[in-house]
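Note: hydrogens, waters and symmetry copies are ignored here, and every other heavy atom, side chains too, is used.
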2 protein chains.
Amino acid sequence: MTQDGTLPSPGHLGETAPRRGDVFDRDCPTRQLLDRVGDKWSVLILLLLGEGDMRFNGLKRRIGGISQKMLSQTLRSLERDGLVTREVEPTVPVTVTYGVTPLGCELLTALRLMIDWAETRMAAVAESQGAYDRRV
Amino acid sequence: MTQDGTLPSPGHLGETAPRRGDVFDRDCPTRQLLDRVGDKWSVLILLLLGEGDMRFNGLKRRIGGISQKMLSQTLRSLERDGLVTREVEPTVPVTVTYGVTPLGCELLTALRLMIDWAETRMAAVAESQGAYDRRV
DNA sequence: CAGCATCCATGACGATACTG
DNA sequence: CAGTATCGTCATGGATGCTG
């Protein structure tokens, strides 16, 4: 059931009235966020940078299992989205530092809540999976 | 939050002692949550069921672009994870109703925060993308 | 150090057809 | 109505080698 009842009854016919973005519409830009969060590494990178600025190989070391192709690719996407910053110092060899933008910081708040839930409740999920598999 | 501010010296390599739930460890169960959230439809289905119980074809109609294979598959996963309930009434033809479990409801809280952010800030992201593309 | 380019395997996903 | 079964695709992402 609805937990707070604040949602307008959506079961009715086709409202073209674009409320604040209908996630269920395939063309809603919000779907992009899901794609972003959906890819394998974005959330992890964001989370890590949330702890403090970091360099390329630093990130690579901290994130278990990421290939450097994906790290590079994901960082570029995040930078393009305005979620992370990229600063190049013209040393030799070059030094590149990544960080989170204020926008990225906002998103991080939500992300951390999600991860927090996971860290405390994934045990319950695992148990449920076990029960399910036994039943089948 | 999980951050205590005293992370093992970031510049150093060496041992990252797997504290309780290190998301960055590839073996951390928390990664499973990211996989789940990562797939294309789980979040959408959860969000929709958060509005109220719903039947199979009801869900299919509401979610733009989902195939019935993926709907079926994702619902089974969510049920296995203990996030979604599935009730069968032995009518003819059979009637199946889906809903969220308390556990799923907890997760929904975090998810909604994320979607909320997206609905209000995706415009900023889009703008950043534009700027980035122009710059390159 | 911080990447880019290329090749290739896997599997996620969609389309279609059929069932209790 | 609520699915299962099968097949084909295409993108994701890992491995490897090269560069400034």
Side-chain angles (χ1 to χ4, degrees), chain A residues 11 24 26-27 31-45 48-49 53-81 84-99 132 136, chain B residues 10-13 24 26-27 31-45 48-49 53-81 84-99 132 135-136:
Chain A
F24 307 117
R26 58 149 99 243
D27 299 322
R31 286 271 183 108
Q32 292 177 20
L33 188 266
L34 290 179
D35 285 350
R36 186 113 306 289
V37 169
D39 73 51
K40 208 172 179 178
W41 304 110
S42 291
V43 174
L44 254 13
I45 292 177
L48 205 42
L49 288 178
D53 291 2
M54 212 168 286
R55 310 247 300 275
F56 189 88
N57 284 312
L59 286 163
K60 184 156 177 3
R61 268 190 301 271
R62 271 298 299 279
I63 303 183
I66 193 171
S67 69
Q68 98 30 311
K69 170 190 171 181
M70 289 317 296
L71 178 55
S72 167
Q73 196 173 106
T74 308
L75 281 170
R76 217 179 313 125
S77 290
L78 291 172
E79 188 198 355
R80 191 176 103 98
D81 289 348
V84 313
T85 61
R86 177 177 188 271
E87 275 170 77
V88 183
E89 290 165 85
T91 53
V92 178
V94 76
T95 302
V96 182
T97 306
Y98 292 93
Y132 183 95
V136 177
Chain B
H12 264 317
L13 50 88
F24 308 117
R26 58 147 100 245
D27 297 323
R31 286 272 182 105
Q32 290 177 21
L33 189 264
L34 290 179
D35 285 349
R36 187 114 306 288
V37 169
D39 74 52
K40 208 172 179 180
W41 304 110
S42 291
V43 175
L44 254 14
I45 291 176
L48 204 42
L49 288 177
D53 291 1
M54 211 168 289
R55 310 246 301 274
F56 189 88
N57 283 312
L59 285 162
K60 185 159 178 359
R61 267 189 302 272
R62 270 299 299 279
I63 303 182
I66 195 171
S67 68
Q68 117 277 49
K69 170 190 171 180
M70 288 318 295
L71 180 55
S72 166
Q73 197 172 106
T74 308
L75 282 169
R76 217 177 314 128
S77 290
L78 291 172
E79 188 198 354
R80 191 176 103 98
D81 289 347
V84 160
T85 61
R86 179 178 187 270
E87 275 169 77
V88 184
E89 291 164 85
T91 54
V92 178
V94 75
T95 301
V96 182
T97 305
Y98 292 93
Y132 183 96
R135 186 171 310 121
V136 178

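- Protein atom CD of B:Glu87 is 19 Å distant from nucleotide atom P of D:dC1, rounded to whole Å.
- Atom CE of B:Met54 is separated from atom C1' of D:dC1 by 16 Å (rounded to the nearest Å).
- For the pair A:Ile45 CD1 and C:dA2 C1', the interatomic distance rounds to 14 Å; values are reported in whole Å.
- A:Lys60 has its NZ atom 12 Å from the P atom of D:dT16, to the nearest Å.
- Taking both residues in full, the closest heavy atoms of A:Val84 and A:Leu75 are given as CG2-O, 4.0 Å, listed atom of the first, atom of the second, then distance.
- For the pair A:Pro93 and A:Gly38, nearest-nucleotide mapping onto DNA chain D gives the more 5' position to A:Gly38.
- For A:Tyr98, a side-chain nitrogen or oxygen approaches OP1 or OP2 of C:dG3 to under 4.0 Å.
- Comparing B:Ile66 and A:Val94, the nucleotide of DNA chain C nearest to each residue sits closer to the 5' end for A:Val94.
- A:Arg55 and A:Thr97 share no donor-acceptor pair across their side chains, judged by distance under 3.5 Å alone.
- Of the side-chain N and O atoms in B:Arg55, one or more sit less than 4.0 angstrom from OP1 or OP2 of D:dA2.
- When atom types are taken as modelled, the side chain of A:Asp39 and the backbone of A:Ser42 share a donor-acceptor pair closer than 3.5 angstrom.
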Could you list, one pair per line, each protein nitrogen or oxygen that sits under 3.5 Å from a nitrogen or oxygen of nucleotides 4-8 of chain D, together with the distance?
from	atom 1	to	atom 2	distance (Å)
D:dT4	OP2	B:Ser72	OG	2.7
D:dT4	OP2	B:Arg76	NH2	3.0
D:dT4	O4	B:Gln68	NE2	2.9

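- Two residues are said to be in side-chain contact when any heavy atoms from C-beta on lie closer than 4.5 Å; B:Val88 and B:Thr95 fail this criterion.
- When rounded to the nearest whole Å, the span between CG of B:Leu71 and P of D:dG3 equals 8 Å.
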| message | Go through it in stages, so that I can follow the logic: the residues are B:Ile66 and B:Trp41, the test is side chain to side chain contact (heavy atoms under 4.5 Å, CB included), and I'd like the CA-CA distance, side-chain angles, deciding distance and then a yes or no. | response | CA-CA 8 Å; B:Ile66 195 171; B:Trp41 304 110; 3.7 Å; yes
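- Here the OG1 atom belonging to B:Thr85 is positioned 8.0 Å from the CD atom belonging to B:Glu79, to the nearest 0.5 angstrom.
- In this structure, the NZ atom of A:Lys40 is 14 Å from the P atom of C:dT10, given to the nearest Å.
- One distance of note links CE of A:Met54 with CG of A:Leu49; it measures 6.5 Å at 0.5 Å rounding.
- Nearest to the side-chain atoms of A:Arg86 among the listed nucleotides D:dG13, D:dA2, C:dA2 stands C:dA2.
- For the pair A:Arg61 CZ and C:dG3 P, the computed distance is 14 Å after rounding to whole Å.
- Straight-line distance from the CE atom of A:Met70 to the P atom of D:dT12: 8 Å, rounded to whole Å.
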